[in-house]
Amino acid sequence: RYIMINFCHISPTPHLDLVEGRPVHLVLAHLIEEDSEYRNQYNFLAANDHEIIMDNSAFEMYKRKQPMYPTEKLIQMAIACQASYVVMSDYPGEDWLKTVHAAEKMIPQLKEAKLGTFYCPQSLPGDVDGLVDSFKWGLSNPDIDYIAFSILNIPLAYGCESNNPIQKYLSRLHFMNRLEDEGLLPGLLGKKVHFLGMTEGPNEISLMRGFTD
């Protein structure tokens, strides 16, 4: 069986011409806000039947040590770039329920704005069980369109986000095995799956080959 994989390259503004032919794009909220050329280019692509996913820039805000964008601002920026989906507010390194509660509040607002929902589970560093619970919530929620396995949330839960590149590279495979062992992977049916960020580029795809059936 074959599955469709779309790569979403995050390109600097001067090189956006390199991604014009891609059908699906992941755009960054802070650049939609700060860079009119970036915003206008993705507006043009959206108007020409490209799927735009607007990321909430949680990774960038986390690295900048700045607060996450509030819901109303994310919706405004998603409309400004004609996004189809919005990565909902999430809180890396914090209790998993904080991200769940933020999603519960945001889903009705996104639906009202006719925007799709993209959920990125999170947990406290070292709290793998909490991350599993966060995924359980997302997998069982029919209002979640996309669910994310990110290069931040899973390594944080395993305590290897910044200090062990080999463990970081293998962490998503290990977590997928955990979800399979708990019988949770059927919950992915009917949802889109996004692996946010890559450690070893295409090499990581081969690790996930056993989960495509």
Side-chain angles (χ1 to χ4, degrees), residues 2-64 66 68-69 71 73-90 92 106 110 113-122 144-155 161 165 168-169 171-173 176 188 191-209 211-212:
Y2 294 94
I3 60 170
M4 177 65 70
I5 297 176
N6 289 306
F7 285 91
C8 300
H9 295 276
I10 297 177
S11 176
T13 302
H15 302 293
L16 289 178
D17 59 301
L18 298 176
V19 301
E20 285 179 356
R22 299 285 181 177
V24 182
H25 304 265
L26 182 74
V27 306
L28 297 173
H30 72 287
L31 292 182
I32 293 296
E33 179 184 32
E34 299 166 4
D35 188 338
S36 61
E37 183 181 351
Y38 181 91
R39 180 173 61 252
N40 292 338
Q41 177 65 9
Y42 281 112
N43 241 313
F44 171 79
L45 292 175
N48 286 276
D49 297 323
H50 291 244
E51 182 177 289
I52 308 296
I53 304 165
M54 196 189 75
D55 185 46
N56 60 23
S57 291
F59 181 88
E60 289 75 19
M61 296 297 105
Y62 178 79
K63 293 296 184 179
R64 286 181 179 185
Q66 293 181 351
M68 301 300 156
Y69 280 112
T71 296
K73 196 161 191 178
L74 286 174
I75 290 175
Q76 289 170 9
M77 290 186 289
I79 292 171
C81 67
Q82 299 187 64
S84 300
Y85 299 91
V86 176
V87 180
M88 295 184 289
S89 300
D90 61 288
M106 194 168 182
L110 290 179
K114 299 188 180 347
L115 292 164
T117 57
F118 187 122
Y119 175 63
C120 186
Q122 298 291 351
I144 300 294
D145 300 313
Y146 260 103
I147 193 160
F149 295 75
S150 103
I151 202 55
L152 183 59
N153 65 357
I154 295 172
E161 195 274 326
K168 183 176 181 179
Y169 168 54
S171 63
R172 286 197 280 201
L173 172 62
M176 289 291 286
L188 290 173
K191 296 188 187 300
K192 294 187 175 186
V193 178
H194 194 112
F195 278 65
L196 281 166
M198 300 193 82
T199 53
E200 297 295 333
N203 291 332
E204 195 176 3
I205 295 172
S206 65
L207 296 180
M208 302 301 160
R209 188 172 296 161
F211 301 104
T212 59

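Hydrogens, waters and symmetry mates are skipped; everything else that's a heavy atom, side chains included, is used.
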What pairs meet the salt bridge (charged side-chain N to carboxylate O under 4.0 Å, His left out) rule with one or both residues in residues 45-59, with sequence neighbours excluded? Glu51-Lys192

Parallel, tilted or perpendicular: which describes the rings of Phe7 and His9, with under 30° parallel and over 60° perpendicular? parallel

Check residues 73-83 and write down every donor-acceptor pair under 3.5 Å in which the side-chain atom is one partner and the other belongs to a residue at least two apart or another chain.
{"from": "Lys73", "atom 1": "NZ", "to": "Glu33", "atom 2": "OE2", "distance (Å)": "2.6"}
{"from": "Gln82", "atom 1": "NE2", "to": "Asn43", "atom 2": "O", "distance (Å)": "3.4"}
{"from": "Gln82", "atom 1": "NE2", "to": "Asn43", "atom 2": "OD1", "distance (Å)": "2.6"}

Do Pro23 and Asn6 touch side chain to side chain, with heavy atoms closer than 4.5 Å? yes

From Thr13 OG1 over to Leu31 CG, what is the distance, rounded to the nearest 0.5 angstrom? 6.0 Å

Ser171 side chain to Ile154 backbone, donor-acceptor under 3.5 Å: no

Does a side-chain heavy-atom distance below 4.5 Å link Leu45 with His25? yes

Could you check Ile147, Asn153, Ile151 and say which one makes a side-chain contact (heavy atoms from CB on, under 4.5 Å) with Phe149? Ile147

If you apply the rule ring pair (Phe, Tyr, Trp, His ring centres under 6.0 Å), what do you find for Tyr146 with Tyr85, and how did you get there? CA-CA 8 Å; Tyr146 260 103; Tyr85 299 91; 5.0 Å; yes

Closest heavy-atom contact between Tyr42 and Val19? OH-CG2, 3.9 Å

Is any side-chain heavy atom of Ile53 closer than 4.5 Å to one of Val24? yes

As an exercise, state the distance from OG1 of Thr117 to CG of Asp145, rounded to the nearest 0.5 Å. 3.5 Å

Run the numbers on Glu60 and Gln66 for side chain to side chain donor-acceptor pair (under 3.5 Å), then give the verdict. CA-CA 9 Å; Glu60 289 75 19; Gln66 293 181 351; over 6 Å; no

Kindly indicate, with the supporting measurements, whether the criterion side chain to side chain contact (heavy atoms under 4.5 Å, CB included) is fulfilled by Gln41 and Glu20. CA-CA 9 Å; Gln41 177 65 9; Glu20 285 179 356; 3.0 Å; yes

Gap between atom NE2 of His194 and atom SG of Cys8 - 0.5 Å precision: 5.0 Å

Salt bridge flag under 4.0 Å for residues Glu204 and Lys168: no

Identify the two heavy atoms, one from Leu173 and one from Phe211, that lie closest to each other, and give their separation to 0.1 Å. CD1-CE1, 3.8 Å

Provide the closest heavy-atom pair for Ser11 versus Tyr38 in the form atom of the first, atom of the second, distance. O-CE1, 4.1 Å

Give, for atom CG of Asn56 and atom OG of Ser89, the distance between the pair rounded to the nearest 0.5 Å. 6.0 Å

The criterion is ring pair (Phe, Tyr, Trp, His ring centres under 6.0 Å); which residues satisfy it with His30, sequence neighbours excluded? none

Measuring from atom NZ of Lys191 to atom OH of Tyr119, what distance do you get when rounded to the nearest 0.5 angstrom? 11.0 Å

Are any non-hydrogen side-chain atoms of Ser84 and Lys114 less than 4.5 angstrom apart? no

Can you see which heavy atom on His50 is nearest to which on Arg22, and at what distance? ND1-O, 2.7 Å

Under 3.5 Å, is there a donor-acceptor pair between the side chain of Thr71 and the main chain of Met106? no

In Å, rounded to the nearest 0.5 Å, how long is the span from CG of Leu110 to CZ of Phe118? 12.5 Å

Identify the two heavy atoms, one from Pro155 and one from Ser150, that lie closest to each other, and give their separation to 0.1 Å. CD-O, 3.7 Å

